[in-house]
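Accompanying notes for the structure given below.
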Amino acid sequence: VVAEGRLVGLLTEADLLASLLAKRVDSSSPVAEVMARNVRTVTFTERAGVLRDLFDADDVALVVDEGSRLLGLITPMDLVDHLAPVRRRD
């Protein structure tokens, strides 16, 4: 979740469904009531090795700049795709 250009939280499908099923929120609840506010981020200058810790904790990597502006998101599958050799079918 981005507000005024800055990352302020994260809302996953799993978190939303769990909150709905537990009746902590309903379809009219604001996103702010469901989103996680304490999210782990990485900067684009950090070593790729930090991704392992995030992925081991079942997190995604939210990439931000020094001003907490969201630059992108890296999932474990993105890393697999990057590391896997490209095979061509001839």
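Owing to the predicted nature of the structure, the values given are computational and were not obtained by experimental measurement. One is the number of the first residue; the rest follow in order along the sequence.
- Here the CG-CG distance, from L17 to L21, works out to 6.5 Å after rounding to the nearest 0.5 Å.
- Considering only residues two or more places apart in sequence or on other chains, D65 meets the side-chain hydrogen bond (donor to acceptor under 3.5 Å, both in side chains) condition with R69.
- With sequence neighbours left out, the side-chain hydrogen bond (donor to acceptor under 3.5 Å, both in side chains) criterion links S68 to no other residue.
- Side-chain contacts under 4.5 Å among hydrophobic residues (ILVMFWY), followed directly or transitively, place V80 together with M77.
- At least one donor-acceptor pair under 3.5 Å links the side chain of D78 to the backbone N or O of T75.
- Under the rule for a side-chain hydrogen bond (donor to acceptor under 3.5 Å, both in side chains), S27 has no partner lying at least two apart in sequence or in another chain.
- Judged as a side chain to side chain contact (heavy atoms under 4.5 Å, CB included), and not counting sequence neighbours, the contacts of D15 are T12.
- Scanning for side chain to side chain contact (heavy atoms under 4.5 Å, CB included) contacts around E33 gives V25, S29, P30, with sequence neighbours left out.
- V64 belongs to a hydrophobic cluster whose remaining members, ordered by chain and number, are V2, L7, L10, V39, V60, L62, L70, L73; membership requires side-chain heavy atoms of ILVMFWY residues under 4.5 Å apart, directly or through intermediates.
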Side-chain donor-acceptor pairs of residues 45-59 under 3.5 Å, sequence neighbours excluded:
residue	atom	partner	partner atom	Å
T45	OG1	T43	OG1	3.1
E46	OE2	T43	N	2.8

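- When the side chain to side chain contact (heavy atoms under 4.5 Å, CB included) test is applied to V8, the partners found at least two apart in sequence or on another chain are V1, A3, M35.
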